[in-house]
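In what follows, chains carry the letters A, B, and so on, assigned in the order in which the sequence lines appear, proteins first and then strands, with residues in each chain numbered from 1.
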There are 2 protein chains.
Amino acid sequence: MRVLGVDPGLTRCGVGVVEGVAGRPLAMLAVGVVRTPADAELGHRLVAIEQGIEEWLDRHRPEVVAVERVFSQHNVSTVMGTAQASAVAMLCAARRGIPVALHTPSEVKAAVTGSGRADKAQVGAMVTRLLRLSAPPKPADAADALALAICHIWRAPAQNRLQQAVAQHALHASKGRPS
Amino acid sequence: MRVLGVDPGLTRCGVGVVEGVAGRPLAMLAVGVVRTPADAELGHRLVAIEQGIEEWLDRHRPEVVAVERVFSQHNVSTVMGTAQASAVAMLCAARRGIPVALHTPSEVKAAVTGSGRADKAQVGAMVTRLLRLSAPPKPADAADALALAICHIWRAPAQNRLQQAVAQHALHASKGRPS
């Protein structure tokens with residue numbers, strides 16, 4: 001499975017592509033950051049993010065795009081920009097028919113470090129180890145994007161089993177319903 | 001000046017087109033709502049909003065798109081969806097080179113009713129009167145979109161003068177700077 005992880009942000013949008021399946025060593029295909037100038041108009045920044053994400057989708061053809069789920073209670077000063085950047089990333093993926101998966105920051109931290117309250121340094125260290133890199137990816141947004149992709153690859157089997165169970169249940173329920 | 005007002009939302013995105021200049025009677029050209037199903041995936045809802053906004057831009061060719069400025073302190077449960085829908089509207093406009101203007105809810109209320117704390121009914125009543133409609137536009141999101149467009153037409157002259165003054169000041173400052 002090839003996953004593009006996106007750590008959304010207006011100033012720095014982390015992007016990282018990881019390939020692999022749960023239980024096997026993972027491979028990093030690419031990592032980077034889509035940047036937009038803080039003094040540009042908001043509409044133009046969103047267009048720049050769209051162009052950046054489109055380039056990553058064109059170049060790496062991921063099967064899934066994993067985006068950080070944004071909550072309104074955290075980092076009030078930047079949360080609106082984060083929500084807007086994430087909307088653009090989800091739009092680009094959905095427009096191409098690529099499934100979008102959302103994972104919370106604590107799900108991502110728990111997946112790669114074992115603790116939902118791990119700090120940035122710990123996440124960076126584990127991403128470096130899991131992808132057998134020579135140094136932690138910089139900036140932290142880039143490492144976080146890789147962590148999102150890893151989290152998705154490892155969580156996907158469980159999520160798929162859950163979705164199949166729900167679908168099965170719905171199927172049986174509809175068969176049992178009087179017509 | 002022809003303005004498309006957008007009251008952003010995932011479930012109902014109000015849209016309204018108003019034509020006019022400050023100090024003259026205004027004309028409503030169209031009003032409506034772009035809806036997306038609450039049970040659809042977020043990415044698909046954003047794609048549906050993009051298609052809806054694109055249709056409104058194609059049909060009415062506004063010179064400006066006025067969007068409600070979203071704040072993170074209000075309506076915590078819906079604010080993320082509002083921010084994401086507004087991002088799509090801004091993206092669609094900016095991609096075409098159409099200027100995007102943001103106005104706060106209190107600026108809009110103050111512009112059309114004289115009070116920044118007016119309620120929905122008051123805004124609806126004034127929009128009905130100012131555009132000489134036979135009844136308040138329904139739902140409230142549609143009326144709010146028209147109020148945004150009216151607000152922009154009335155505030156634009158002052159904003160333009162301010163921008164010109166800032167630009168003049170920057171020009172003089174840069175001329176006075178040692179090279």
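- Residue-level contacts of residues 19-50 of chain B with chain A, in order of numbering, are B/L42, B/G43, B/H44, B/L46, B/V47, B/E50; threshold 4.5 Å between heavy atoms.
- When side chains are defined from C-beta on, B/L91 counts as touching A/L91, because their heavy atoms get closer than 4.5 Å.
- In terms of hydrophobic clustering, with Ile, Leu, Val, Met, Phe, Trp and Tyr side chains grouped at heavy-atom distances under 4.5 Å, B/V127 and B/V3 are assigned to a common cluster.
- The number of heavy-atom neighbours closer than 6.0 Å to CZ of A/R117, taken from other residues, nucleotides and ligands shown, is 12 or below.
- Taken together through direct or relayed side-chain contacts under 4.5 Å among Ile, Leu, Val, Met, Phe, Trp and Tyr, A/I53 and A/L10 form part of one hydrophobic cluster.
- Residues B/L130 and B/M1 share a hydrophobic cluster, clusters being chains of Ile/Leu/Val/Met/Phe/Trp/Tyr side chains in contact below 4.5 Å.
- Sparse packing is recorded around CZ of A/R129, with 12 or fewer heavy atoms of other residues, nucleotides or ligands lying under 6.0 Å away.
- Note: the hydrophobic cluster containing A/L148 does not contain A/M90 (ILVMFWY, side chain heavy atoms under 4.5 Å, direct or indirect links).
- Between chain B and the options A/A89, A/A94, A/A93, the largest number of non-hydrogen pairs under 4.5 Å is found for A/A94.
- When hydrophobic clusters are built by joining Ile, Leu, Val, Met, Phe, Trp and Tyr residues whose side-chain heavy atoms come closer than 4.5 Å, directly or via intermediates, A/V67 is grouped together with A/I98.
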